Protein chains: 2
Amino acid sequence: MPTIRDVSQLAKVSQATVSRVLTGSAVVSPTKRAAVLAAIEQLGYQPNTFARSLATNRSYAIGAMVSELSSTVYGEIIRGIETVTEECGLQMVVASGHAREDAERGAFEFLSERRTDALIVQADVTPDDDLAAWVRDSDLPVIVIGRHIPAVAERCVYLDNVEGGALATRHLLERGHRRIAHVTGLMHLADGSDRCAGYRYALAEQGLPFEEALVAEGDFVEEGGYRAMQLLLQRDAGFTAVFAANDQSAAGALKALRDAGRRVPEDISLVGFDDLIIAHYLYPALTTVRQPFAEMGQAAARLALAALGVDEQKEVTRRFDPVLVERDSVAAL
Amino acid sequence: MPTIRDVSQLAKVSQATVSRVLTGSAVVSPTKRAAVLAAIEQLGYQPNTFARSLATNRSYAIGAMVSELSSTVYGEIIRGIETVTEECGLQMVVASGHAREDAERGAFEFLSERRTDALIVQADVTPDDDLAAWVRDSDLPVIVIGRHIPAVAERCVYLDNVEGGALATRHLLERGHRRIAHVTGLMHLADGSDRCAGYRYALAEQGLPFEEALVAEGDFVEEGGYRAMQLLLQRDAGFTAVFAANDQSAAGALKALRDAGRRVPEDISLVGFDDLIIAHYLYPALTTVRQPFAEMGQAAARLALAALGVDEQKEVTRRFDPVLVERDSVAAL
DNA sequence: TACAATCTTGAAAGCGCTTTCAGAGAGTCG
DNA sequence: CGACTCTCTGAAAGCGCTTTCAAGATTGTA
């Protein structure tokens, strides 16, 4: 492996000059510059990242922690991040939180210790306060994705979940549904309570009352959706449509509906949330509210770069708007 | 940030000694060792990775290139890799090939240049020969995942696709089906031709003839599966079951069947391949052949570590066996 | 008791970059 | 034409580790 020293000797200049053309940190006369470039070419020289990092105290890598790696959601986030790191010649190192609080913390610490230049964190179970502390107390820029934490809002990239819940509900309302049930997510998480708030908000817009009997708490996974739907069915509150807090709950609800002999969308309309890959494959294909995960990942990465002073990007979108994706699970009343 | 120097002064020993207790590279007397540990604790010292890397010429990171990041398959592979890198205190840096040959090459080069200690490559479109060249010519260990390339077999982690195809077909055979159609994958890829070979093999085992009319070429994605199924239907060759070369093709085939008014599994049985997350969500839930992606990722990582002399693991499984996952898309004849 | 063999230890030399600092030319102006 | 300012360049000092090498301490052996 040739070093900068070899290049400098071949080009008959000092190492400093080679370094300058490499980093563009200062002007170099055209002749020397050309000589350096030629030498680099000839030797097939590639700068040693370790040495560079040691000298500059930058890793030229950004860390991404996602709660769970093998989920399409996080895959898309990672992809979003990767597109921008790649574009900037930065590495992306990823760690998984394995959907457990201790592991999320562990992954965060691991990434911090190894000195990535910035950290993007998508935590499912770590509480807001802890995340806020991570952002505040870490000596590298930390961007939080998928959470809106007021205390550190400028470091958060998130979806407007209230609007999303309202969007789903309004869609049903527009199709003439008046008695709309809601399978919630975990209500102690912002994602859950915000989407529910959106549901109530949309109902209120139409002057419709909020009925306890029409809502059942789910847990963001299929089983919970199934159980919540059973409960709803059993209450027999006469609804014609259901808004499930995410696609997995919707899948569970769909199964419960099917098991109960109700047809979707002929008897009951159903709307999900997230637009996971499965939404497309369910039968009937699920109408749902899309979260632009990849774009959010990109935004987080840009925010991280901006915090590092690398990216010139003026304003990065931090709050994303959900969009309704119509498929086949909703019928007009 | 305290450095090794600070630690050595506080502990009243040399930097070399501190380094020795840190890396365990040599014995240190219990007293000094304790002093060092105490100093480290007191200062909250963390070794600087950059300096360490520069000195040892190791990055303590392994690179993973996957063809497409936002796919559950690759998510699982990545997760598998991560579990072992985490266990060994190594970072995992990931890059995406964006399912294009030039990008796959680009990602590979990017990772090589940045000197990860080893590289795990899952390429969809790069030809076998190029991959073999990467393995052979790279100066760091390269492990190929999801391909069996005889020339560099000891660096490959792969599924026995022939056996997988046979497994799917036998399952149908055991349920009494005799006329079994096959929606292939891309036949110029080993995954496609091997699974087809398995199909033929299982047929032959039962003394059944291979009929051209019963096979239609798909492309591993939904649209191709849909079209292939339409073609099969239109030929009217009287089959009672279909083996689709992957779950996405199966999803397309399922839709075509449904559109043609055929019920699955009552009229036609269907088996997929991969056991993607969608298999569970299709209706009826898809019986399919599972690839143990996470385990394969782990194996690849262990192989990489073994090549680095880090892991003591004696023998790492390189060829994985597919397993049949029974759900609701197959009925006995 | 003397000497060889073995352990432990510290000094110092890298690893390959970046960056500061000062000097050498070149250009400008009165 | 001399004084002064700019621009470009190179020497050298780190960055914070690991590792070699030789010396000192310790133990064992004759």
Side-chain angles (χ1 to χ4, degrees), chain A residues 1-37 39-40 43-61 89-91 113-115 117 139-140 308-310, chain B residues 1-37 39-40 43-61 89-91 113-115 117 139-140 308-310:
Chain A
M1 282 262 109
T3 71
I4 200 173
R5 195 143 179 287
D6 302 321
V7 175
S8 72
Q9 289 176 343
L10 182 58
K12 302 204 195 325
V13 299
S14 69
Q15 294 186 31
T17 299
V18 177
S19 175
R20 284 190 266 258
V21 348
L22 247 26
T23 62
S25 58
V27 246
V28 171
S29 69
T31 32
K32 304 228 170 199
R33 173 185 204 77
V36 168
L37 261 15
I40 287 175
L43 295 172
Y45 167 76
Q46 283 171 3
N48 180 316
T49 334
F50 305 150
R52 177 176 289 189
S53 286
L54 179 57
T56 57
N57 200 31
R58 294 239 292 114
S59 65
Y60 304 94
L90 299 175
Q91 287 188 158
E113 283 166 22
R114 297 304 235 71
R115 306 180 200 228
D117 291 337
D139 33 34
L140 42 81
L308 285 172
V310 173
Chain B
M1 283 261 109
T3 72
I4 200 174
R5 196 144 179 288
D6 302 322
V7 175
S8 72
Q9 290 176 342
L10 182 57
K12 302 205 199 319
V13 299
S14 69
Q15 294 186 27
T17 299
V18 178
S19 175
R20 284 190 267 259
V21 348
L22 246 27
T23 62
S25 58
V27 245
V28 171
S29 70
T31 31
K32 303 230 171 197
R33 175 186 202 76
V36 168
L37 261 15
I40 286 176
L43 295 172
Y45 167 76
Q46 282 172 1
N48 180 317
T49 333
F50 306 150
R52 176 175 289 187
S53 286
L54 179 58
T56 58
N57 200 31
R58 295 239 294 113
S59 65
Y60 303 94
L90 299 175
Q91 288 189 155
E113 283 166 23
R114 296 304 236 71
R115 304 179 201 228
D117 292 338
D139 33 35
L140 42 82
L308 286 172
V310 173

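Only a predicted model underlies this, so the values are computations on that prediction, with no experimental measurement involved. Chain letters run A, B, ... following the sequence lines, proteins first and then strands; every chain starts at 1.
The line from CD of A:Gln9 to CG of A:Leu43 is 10.0 Å long, rounded to the nearest 0.5 Å. The CZ atom of A:Arg114 lies 8.0 Å from the OG atom of B:Ser59; values are rounded to the nearest 0.5 Å. If you take CG on A:Leu140 and CZ on A:Arg58, they are separated by 11.5 Å, rounding to the nearest 0.5 Å. Separating the CD1 atom in B:Ile40 from the CG atom in B:Leu22 is a distance of 5.0 Å, to the nearest 0.5 Å. If you take NZ on B:Lys12 and OG1 on B:Thr17, they are separated by 14.0 Å, rounding to the nearest 0.5 Å. Between B:Glu113 atom CD and A:Gln91 atom CD the span is 10.5 Å, to the nearest 0.5 Å.
With hydrogens and angles disregarded, a donor-acceptor distance shorter than 3.5 Å links the side chain of B:Thr23 to the backbone of B:Ser19.
Between the CD atom of B:Gln9 and the P atom of C:dA11 there is a distance of 11 Å, rounded to whole Å. Rounded to whole Å, the distance from CG on A:Leu54 to P on C:dG16 is 12 Å. The CZ-C1' distance, from A:Arg33 to D:dC8, rounds to 13 Å in whole Å.
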## Note on the structure
In 5'-to-3' order, the base (B), backbone-only (S) or no-contact (-) status of each nucleotide in nucleotides 17-28 of chain C, using a 4.0 angstrom heavy-atom cut-off, is BBBB--------
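Helical stems in DNA chain D, defined as runs of 3 or more consecutive Watson-Crick or G-U wobble pairs with donor-acceptor distances under 3.5 Å: C:1-30 with D:1-30.
Heavy-atom minimum distance, B:Met1 versus B:Asp6: O-OD2, 4.3 Å.
An OP1 or OP2 oxygen of D:dG10 is reached within less than 4.0 angstrom by a side-chain nitrogen or oxygen of A:Lys32.
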